[in-house]
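Just so it is clear, the model here is predicted, and its values are computed rather than measured.
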Amino acid sequence: MKLVTTSGKVPANLPSVEATAADSFRQSKGVASSVRSHQTGPAMSRSLIDGLNPPQREAVLDDSPALLVLAGAGSGKTRVITHRIAHLIDVLHVPPFQILALTFTNRAASEMIERVEKLVLDPQASDPSISTFHSLCARILRKYAPAVGLSPSFSIYDSDDQLSLLMGVVHELSSSTDYERKTSPSLTSSEGGNKRAGLDRNKVRELLGELEACKNAGINVQSARERARGAQGELVAEVYARYSEALTQANAVDFGDLILRTTDLLRENPRIQHQLRDRWRHILVDEFQDTNPAQFKLLSALVGDHTERGRTFVVVGDDDQSIYSWRGADVANMLEFQEKFAAKLIKLEQNYRSDPPILDIAAKLIARNQYRLPKTLWSDRGEAAPIVAKPCLDDRGEARFVSREIRRLCLDQQLNYSDFAVFYRTNAQSRILEEQLRADGVPHCIIGSVGFYDRAEIKDLLAYLRLLVNPSDRIALLRVLNVPTRGIGAKTLAELEALSRPREGNLAQTLQGVASGALHLRSKRALPGINSFVALMAHLRDRLDEPPSQLLQALLDETNFIDHLENRQTRSKDAVSHVAELVGALLSFESEPGDSSLAAFLERVTLDRGPAVDDEGQQATGVVNLMTIHSAKGLEFDTVFVTGLEDELLPYKRREEEVDTEEERRLCYVAFTRAKHRLFLSWASRRQLHGLWHRGEVSPFLVGLPGIGVSAPAPRPDPQQHRRPPAFAPRATDETVEPLPDYESETQLRREPLAEDSQTHFGETHIVYDEEEVYPTGPRPAKRNDKRERANKELTPGDHVTHSRYGVGLVLELEDRPEGVMATVDFPMTGHKSIYTRFLRRY
DNA sequence: GAGGGTATCTTTTTT
DNA sequence: AGATACCCTC
Ligand SMILES: Nc1ncnc2c1ncn2[C@@H]1O[C@H](COP(=O)(O)OP(=O)(O)OP(=O)(O)O)[C@@H](O)[C@H]1O
């Protein structure tokens, strides 16, 4: 596996935020330079307009101060934005640096950059600012950091960092006497009394959720304090305040802060506000239905008086595609926009993306939603491939189906791999798909995968790098202080913290003090470790102006990091190669034009966790894209697979929580409408999740949808292997294999999902299983534990067992748990123990 | 304080 | 299944 940095994919198309013309000509890192033709003005403006239908044209040419384009999927909203930008530059001769276009994902931003570069003809034109909200804010904050009490080298905290920080904050809060009584019941766990007395991670996580909600709503600490109601409300406000303080002390911001603090910066500094308003006179926002109030406030602050001459503000959106309400997104923003800015409204009604069958089921699906703004959508495309609905026995079968269809279509239809996208609701579903594609040699790429940068060893190294750039980064410091182990354990740390308290909790300073002999620890044991750590950091900081990759190399050498990895069997065997990949990523980052500083690298890594590309996949034929439906928003593909269309998975149901059916349906709608020509819908009767099997029914979203012909499997080369009625093969009677959990009987699987609608149907059309799936996975390779667990099925209380550690013991009790059978065993030496039977052996 | 072994929980979605 | 939090022993 090879890590490929996202060169050309990063919307860092944002010159310095200063409003000088000169700097906006400098092309920022990651932006592929465009090939522009050299036509002259009039010719190009005609072709620019030619590619638009009348309402689109109106939206591009419109010069009202504020414009809302409300339109369904694939109607050309993004096209309106890109053409409008080109029109501004080429026809109205607006200096590109005055244009600011905002998107939600990095991928959307880079696609927009690409499209704009193809459209703009003026070869002299510089790049307009096209970026995500968060990148924009990071740039602005770096520029004006001192005005908000930060240094420009501030860190950006991801959710793990946030959680660590908040744990510390809450910990301190609950140990301080005033708050003890208030906080303990709500912040510490008392469930079942079997938990430790300490802080409950989940509780803190919940609390973090509340803070995030504030941030999404655009509520800063001050207004949180003002509006706090009740004990719980005040507690949250207090935690919020302390958390923000801790962030500032660490010279760090979190994602929410990027938006919030930028807004505050503008509000509190009229001079800066004017500078930025002067600079960006034309603001365009894509996917506006997914802005949250914080972003709305930011935009308002950035726009100022929108009626000012020569200023325009355009937003485009589709309420049916609002899928981020969990992040505080509010469709009401569209209405508010219309009101607040007295915006003109333009609707687009023609869909240019999807073939009729696709548009048809998408429309039928979304029509069931109750809360919608009125819209129409039609298409005049011609004949098309039928939609394929595919029931599968299990997730593995589904993955095989996807892989096989992709390979088949590549051959039959001469499609490229990059014409395909595979969608799923949850990231966990990607693994089996990925495995299968890899096994079949299909080049692919998981978009937005949590992968590389989440590995422990990579996080450690990044924390080191962060700490070098930002010495105040407390969380990074805590993470690496004892990695590799230097003999600085919990005891020492507690003492260091205590020593830091009078110094504003500045751990770094305390360490320095201890190393220089100004401060003393009770025990000398940790001293060598502290000394070497302080020396290491000092030495590396001296070399900060060297290329980042060299710095990393020095870090690796001086900490013997590789040895450290190799000595620990618990770490994955690939850890060392991951480190090598990180070095490679840095090298490749350095080779890109633009800012190659370590700080720039770190910012990219947090703001845009680039795709992990598998199998050197970027040849001419491209790669198959795997992604969650959420990250598919705004994209389009020739052929789309929507997988996992199961009840409680696609309308996703969380334990003990209500389903937000309308939002889930919108999500499904987004998934369907990404497809241009071919749409495959699949679901599995059983699926493994967290190591457990779950049974699945076809998604209610599919029930009653017309026009879905269930197609036969691809003709196979071997004529003996064709059509076969659904049937389950007799299970192999391999003693070593745990019986598969029994799933729905054949009739149930065949049950018409479309009971109500007999016109168009899954009905008479046979649902045909492929040979492969009828005899599903075959016997799974027997796993040791399976075998042992099975042998232990017959264990009863009173039996004697052995355990690798505790020796021989007597089984007292057995209890069935989802994870296995839990035994209570009496061992002569150690007493009663609860142990899963898979760790036991009959004696 | 380190390291090995076990019990438990997880992420739904993203910047 | 995989990561992590916790416990125990050295
Ligand atoms: N007037 C047009 N002529 C030809 N093709 C068009 C026209 N308008 C849009 N398209 C094409 O239709 C497809 C969808 O356009 P676009 O992505 O702008 O739609 P959208 O409204 O932003 O979609 P969504 O909301 O689903 O993201 C694109 O491939 C675009 O090139």
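Put simply, the side chain of A:D330 never gets that close to the backbone of A:N333: no donor and acceptor are under 3.5 Å apart.
In this model, a side-chain donor or acceptor of A:R425 finds a partner on the base of B:dT13 within 3.5 Å.
Nucleotides of DNA chain B nearest to A:T492 and A:A428 differ in position, and the one nearer the 5' end is that of A:T492. Comparing A:T606 and A:A526 by the nucleotide of DNA chain B that holds the closest heavy atom to each, the one mapping nearer the 5' end is A:A526.
A:Y324 comes within contact range of the sugar-phosphate backbone alone, with a heavy-atom separation under 4.0 Å but no base atom that close. Among the heavy atoms of the strands lying under 4.0 Å from A:S631 are primed sugar atoms or P, OP1, OP2 only; no base atom is included. A:S159 comes within 4.0 angstrom of nothing in the nucleic acid, heavy atoms only.
For A:T485, taking side-chain heavy atoms from C-beta onward, the closest of the listed nucleotides B:dT14, B:dG3, B:dT13 is B:dG3. The listed nucleotides are B:dG1, B:dT12, B:dT11; the one nearest the side chain of A:E664 is B:dT12. Among B:dT12, B:dT11, B:dT15, the nucleotide with an atom closest to any side-chain atom of A:F255 is B:dT15. In this structure, of B:dG3, B:dT15, C:dA1, it is C:dA1 that holds the atom nearest to the side chain of A:H690. With B:dT15, C:dA1, B:dT13 as the choices, the nucleotide that has an atom nearest any side-chain atom of A:T105 turns out to be B:dT15.
One finds a salt bridge joining A:R425 and A:E664 here, because a Lys/Arg side-chain nitrogen approaches an Asp/Glu carboxylate oxygen to under 4.0 Å. Look at A:D660 and A:R654 and you find no salt bridge, because none of the NZ, NE, NH1 or NH2 atoms lies under 4.0 Å from a carboxylate O.
Listed pair A:N292 / B:dT15 fails the phosphate criterion, with no side-chain N or O lying under 4.0 Å from OP1 or OP2. Under 4.0 angstrom from either OP1 or OP2 of B:dG1 there lies no side-chain N or O belonging to A:N482. Contact between the side-chain N/O atoms of A:R654 and the OP1/OP2 oxygens of B:dT12 is found at a separation under 4.0 Å.
Qualifying salt bridge (charged side-chain N to carboxylate O under 4.0 Å, His left out) partners for A:E603, counting only residues two or more places apart in sequence or in other chains: A:R142. For the salt bridge (charged side-chain N to carboxylate O under 4.0 Å, His left out) test, residues two or more places apart in sequence or in another chain that qualify with A:K459 are A:D160.
By the stacking rule of 5.5 Å between ring centres and under 30° between planes, A:W326 stacks on the base of B:dT13.
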